[in-house]
Amino acid sequence: MNPIKFAVLAVFLALIGCAGMQPAKESSIESVIEVPGHTKDQIYTATKIWIAENFRSAKAVIENDDKESGRIIGNGRIKYPCSGFSCLGQSDWTLDFTMRVDMKDQKMKLTFSNLGISWPYSQSAPSADHLPVREDQMSDVRPALIKLGDELRAAIDKEQTKANW
């Protein structure tokens with residue numbers, strides 16, 4: 001093969017390989033979830049319980065808690081949601097995020113931001129922040145965060161059922 005053609009091909013392949021290495025274009029994931037039959041206060045209370053049950057410590061996680069305005073902002077960490085061959089070497093990674101829940105009667109808005117990936121050696125280093133989620137990782141990250149919203153929605157219904165015992 002001609003050395004010039006080979007060099008052009010090598011550069012082209014390198015650029016294609018780096019395309020997925022770019023930080024994700026969307027900096028947050030947002031969804032509005034209908035919660036019919038629930039007041040803002042019921043949604044607030046059930047959300048606090050859900051956070052306490054699903055994250056290590058509600059006190060350590062929650063950074064802003066305003067019942068009157070119907071807002072909770074906290075930091076979360078879940079197992080990195082890889083799938084298939086992408087899990088090779090990533091089974092001990094975590095997905096870090098900031099979760100904001102804004103509540104009104106019969107609905108809530110979930111916003112996930114500050115999306116990042118951590119792995120074991122970066123979690124123990126106090127100065128090591130997570131690396132931003134890359135564009136090629138969003139196909140795993142987005143569904144996992146949407147699923148958290150679904151789980152929160154189900155917990156709100158469940159909490160209301162428990163309240164009526």
Side-chain angles (χ1 to χ4, degrees), residues 7-35 40 43-44 46-67 69-104 107-156:
V8 169
L9 179 62
V11 169
F12 178 73
L13 291 174
L15 290 174
I16 289 174
C18 292
M21 303 296 273
Q22 298 298 318
K25 290 177 187 154
E26 46 184 329
S27 59
S28 64
I29 296 172
E30 185 177 287
S31 62
V32 175
I33 301 170
E34 300 292 327
V35 194
K40 177 176 82 171
I43 296 168
Y44 172 86
T47 299
K48 292 259 315 213
I49 292 168
W50 181 81
I51 289 171
E53 291 176 348
N54 287 278
F55 298 112
R56 289 188 183 143
S57 163
K59 291 179 183 171
V61 172
I62 295 174
E63 294 205 10
N64 182 277
D65 182 356
D66 188 341
K67 184 174 183 175
S69 68
R71 178 184 58 241
I72 298 173
I73 302 173
N75 296 311
R77 172 178 278 175
I78 61 172
K79 184 178 180 334
Y80 180 72
C82 60
S83 58
F85 286 116
S86 70
C87 288
L88 296 174
Q90 298 176 0
S91 62
D92 53 355
W93 289 16
T94 58
L95 171 63
D96 306 320
F97 53 87
T98 299
M99 180 176 80
R100 177 180 174 139
V101 186
D102 292 291
M103 300 152 237
K104 295 181 179 183
K107 69 170 59 175
M108 64 182 167
K109 180 170 73 170
L110 271 173
T111 306
F112 295 97
S113 59
N114 298 321
L115 307 176
I117 306 295
S118 296
W119 49 92
Y121 74 84
S122 70
Q123 293 171 5
S124 61
S127 63
D129 288 338
H130 57 250
L131 293 176
V133 171
R134 297 185 321 249
E135 188 63 34
D136 63 316
Q137 295 170 320
M138 286 303 288
S139 61
D140 289 329
V141 168
R142 186 179 301 103
L145 295 177
I146 297 297
K147 182 180 175 196
L148 282 181
D150 295 341
E151 291 171 5
L152 174 55
R153 167 70 175 89
I156 291 168

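The shown structure was predicted, so the numbers you read here are calculated from the model rather than taken from an experiment. We number each residue from 1, following the sequence as shown.
For the salt bridge (charged side-chain N to carboxylate O under 4.0 Å, His left out) test, residues two or more places apart in sequence or in another chain that qualify with Asp65 are Lys48. Not a single ring pair (Phe, Tyr, Trp, His ring centres under 6.0 Å) links Tyr44 to another residue, sequence neighbours left out. Partners of Glu151 under the salt bridge (charged side-chain N to carboxylate O under 4.0 Å, His left out) rule, at least two apart in sequence or in another chain, are Lys147.
One distance of note links CG of Leu152 with CE of Met108; it measures 4.0 Å at 0.5 Å rounding. With rounding to the nearest 0.5 Å, the separation of CD1 in Ile156 from CD1 in Ile49 is 10.5 Å. Separation of atoms CG (Asn114) and CG (Asn75) is listed at 7.5 Å; rounding is to 0.5 Å. Rounded to the nearest 0.5 Å, atoms CG (Leu95) and CD1 (Ile78) are 5.0 Å apart. Between Asp66 atom CG and Ile73 atom CD1 the span is 9.0 Å, to the nearest 0.5 Å. Rounding to the nearest 0.5 Å gives a distance of 11.0 Å between CD of Glu30 and CZ of Phe112.
Shortest non-hydrogen contact noted between Ala155 and Trp50 is CB-CD1, 3.5 Å. Asp140 and Pro81 get closest at one heavy-atom pair: CB-O, 3.0 Å. Here the shortest heavy-atom pairing between Gly149 and Ile33 reads O-CD1, 3.8 Å.
Look at Arg77 and Asp96 and you find a salt bridge, because one of the NZ, NE, NH1 or NH2 atoms lies within 4.0 Å of a carboxylate O, short of that distance.
Met99 is not listed as a side-chain neighbour of Val61, based on a closest heavy-atom distance of 4.5 Å or more. Within the 4.5 Å cutoff, the side chain of Lys40 has no heavy atoms near those of the Lys104 side chain.
Evaluated for a side-chain contact (heavy atoms from CB on, under 4.5 Å) with Ile72, the options Ile62, Asp102, Ile43 yield exactly one hit, Ile62.
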- Would Leu148 and Leu110 satisfy side chain to side chain contact (heavy atoms under 4.5 Å, CB included), going step by step from the backbone distance to the final call? CA-CA 10 Å; Leu148 282 181; Leu110 271 173; over 6 Å; no
- Task: Run the numbers on Met138 and Ile29 for side chain to side chain contact (heavy atoms under 4.5 Å, CB included), then give the verdict.
- Result: CA-CA 10 Å; Met138 286 303 288; Ile29 296 172; 3.7 Å; yes
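Under the 3.5 Å distance criterion, the side-chain polar atoms of Arg100 are left unmatched by any main-chain donor or acceptor of Lys109.
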